[in-house]
Amino acid sequence: GAGVSQSPSNKVTEKGKDVELRCDPISGHTALYWYRQSLGQGLEFLIYFQGNSAPDKSGLPSDRFSAERTGGSVSTLTIQRTQQEDSAVYLCASSLEGARGTDTQYFGPGTRLTVL
Amino acid sequence: GENVEQHPSTLSVQEGDSAVIKCTYSDSASNYFPWYKQELGKGPQLIIDIRSNVGEKKDQRIAVTLNKTAKHFSLHITETQPEDSAVYFCAASPHYGNNRLAFGKGNQVVVIP
């Protein structure tokens with residue numbers, strides 16, 4: 001079946017501009033995660049959505065970052081007033097049911113964001 | 001929060017030899033330990049995982065061992081092949097009611113033909 005998809009695959013923007021990154025999770029998966037991967041680093045947790053519960057936003061690095069998940073499916077990560085340090089690969093993952101704590105997360109291919 | 005450390009950062013092995021990557025974690029509440037393989041330009045792909053109620057799991061040429069007392073777990077790849085060349089990430093998840101993963105920084109594995 002279809003995996004997690006993300007768009008765009010690459011995004012180049014100028015410092016100060018806003019960007020929106022999109023994630024389409026695997027159909028039927030109730031949990032959705034956003035991670036950030038900086039060059040040569042591991043994945044850094046950003047935000048987690050589980051069903052209709054309030055999202056866990058504890059990993060968002062600043063108030064310039066926000067995310068929505070509409071209708072329990074598609075998610076959009078928005079970065080306002082982008083800075084050069086925001087340049088990274090933004091990865092989305094989904095799992096069948098995140099609340100159990102042992103659920104497999106399936107990752108999308110990521111969006112490579114470059115802030116000039 | 002959970003802190004996962006991964007060693008070595010780069011590992012080169014001759015084709016056919018074994019590769020071992022070790023990770024340590026800090027939170028004794030962690031109970032789920034997946035390993036991901038990431039090829040250039042792609043997202044991480046789960047290759048094997050282990051839960052805290054077992055000490056070892058094997059899937060063909062790949063195995064993972066877990067030592068809860070020492071808080072470390074290892075990935076073993078036997079009979080390495082060139083297509084095993086990639087970056088490997090370990091991760092840990094504490095059972096706090098959600099499934100956020102804490103990742104290590106990754107190991108670059110290079111299999112030399």
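By convention in this document, chain letters (A, B, ...) are assigned in the order of the sequence lines, proteins followed by strands, and residues within each chain are numbered from 1.
Residue-environment remark: CD (B/Gln81) exceeds the threshold of 12 foreign heavy atoms within 6.0 Å. Heavy-atom neighbours of B/Leu40 CG from other residues, nucleotides or ligands within 6.0 Å: at or below the threshold of 12.
Using a 4.5 Å cut-off between heavy atoms, B/Phe33 makes no contact with chain A at all. Neither the backbone nor the side chain of B/Gln6 comes within contact range of chain A; no heavy atom of the residue lies under 4.5 Å from a heavy atom of that chain. Residue contact with chain A, scored on non-hydrogen atoms closer than 4.5 Å, involves the backbone and the side chain of B/Pro44 alike.
When A/Phe45, A/Tyr35, A/Tyr33 are each tested for a side chain to side chain contact (heavy atoms under 4.5 Å, CB included) with B/Leu101, only one passes: A/Tyr35.
A 4.5 Å side-chain heavy-atom check between A/Gln37 and B/Phe103 finds every atom pair outside the cut-off. Side chains of A/Leu43 and B/Phe89 form a contact here, defined as non-hydrogen atoms less than 4.5 Å apart.
Grouping the Ile, Leu, Val, Met, Phe, Trp and Tyr side chains by contacts below 4.5 angstrom, directly or via other members, places A/Leu32 apart from A/Val4. If you chain together hydrophobic residues whose side chains sit under 4.5 Å apart, B/Ile48 and B/Leu46 never meet in one group. Hydrophobic clustering, with ILVMFWY side chains joined whenever heavy atoms are under 4.5 angstrom apart, groups B/Leu11 together with B/Tyr88. A single hydrophobic cluster is not seen to contain both A/Tyr48 and A/Leu46; linkage of ILVMFWY side chains at heavy-atom distances under 4.5 Å, directly or through other members, places them apart.
Atom CD of A/Gln105 and atom CZ of B/Arg100 lie 11.0 Å apart (nearest 0.5 Å).
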